[in-house]
Amino acid sequence: LEFRRVLFRSPIWTLMYKMPPYEKCERTEMQNAEWLEVHHTSGDGLIPLYKKASVGLMIPRLDYRYSHFAVSVKTFEYMSYGLPIVTINSTAMGKIVRREEIGFAVNHSVKEFNEAIKAVTGSQEKYSYYADNVKNALLNRHLWKHRVEQVVKDLSGYRVISGNCK
């Protein structure tokens, strides 16, 4: 869980990061840091935190093959709150972040995560660029209705014969 060190001291920017259950996290000096707030919440309890956040961090476990081809629902939650995203380059999430220009996809490195966060939040102009791209990507390509349209399109070439697709 070395990536918790990415959180930097800034009175302006707040980062959202889904961490493993607290009891599984190793104790570190940061847990008592003045600049760090840890919230144990879910569901509606996340809403005020999303509204306060500036950047969504997606740090999937690379030892899970699933992380390389699946996109976490958390990605779309961050997008629904207009949050630019910083994630790992070698994942499906990284491909979306790069293609849509909604943040940065970096190597699995604390230094690169830190640089990406600073790049997204470096100026109001840069931040607005990524936040505007998040809104545009979500509204035009990444709502559930877009997923349904794709499924219908993909299945429209099939015909059903005796319960089997051909």
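For clarity, every value in this text was computed on a predicted model and none was experimentally measured. Scope of the values below: all heavy atoms of this structure, side chains included, with no hydrogens, waters or symmetry mates.
- The closest donor-acceptor contact from the side chain of Y127 to the backbone of S54 lies under 3.5 Å.
- In this structure, the ring-ring contact (aromatic ring centres under 6.0 Å, His included) partners of F76, at least two apart in sequence or on a different chain, are H142.
- When all heavy atoms of V106 and A116 are compared, the pair lying nearest together is CG1-CB, 3.7 Å.
- Note that CD of E77 and CD1 of I47 are 10.0 Å apart. Values are rounded to the nearest 0.5 Å.
- A donor-acceptor pair under 3.5 Å is formed between the side chain of H146 and the backbone N or O of N140.
- Side-chain N or O atoms of T75 include one that pairs as donor or acceptor with a backbone N or O of S72 at under 3.5 Å.
- N136 contributes atom CG, which lies 10.5 Å from atom CD of E101 (distance to the nearest 0.5 angstrom).
- Scanning all heavy atoms of the two residues, the minimum distance from L138 to L143 falls at O-CG, 3.2 Å.
- Closest approach of E100 and A137 over heavy atoms only: OE1-CB, 3.5 Å.
- K74 contributes atom NZ, which lies 10.5 Å from atom CG of L83 (distance to the nearest 0.5 angstrom).
- Qualifying side chain to side chain donor-acceptor pair (under 3.5 Å) partners for E115, counting only residues two or more places apart in sequence or in other chains: none.
- Side-chain contact between I88 and M93: absent, with no pair of heavy atoms (C-beta onward) separated by less than 4.5 Å.
- Taking every heavy atom of both residues into account, P84 and A131 meet most closely at CG-N, 4.0 Å.
- Taking both residues in full, the closest heavy atoms of G103 and Y130 are given as N-CD2, 3.4 Å, listed atom of the first, atom of the second, then distance.
- Rounded to the nearest 0.5 angstrom, N89 CG and E112 CD are separated by 8.5 Å.
- Minimum interatomic distance between F113 and T87 (heavy atoms only, all atoms of both residues): CZ-C, 3.8 Å.
- Side-chain contact check for N114 versus K118: some heavy-atom pair is nearer than 4.5 Å.
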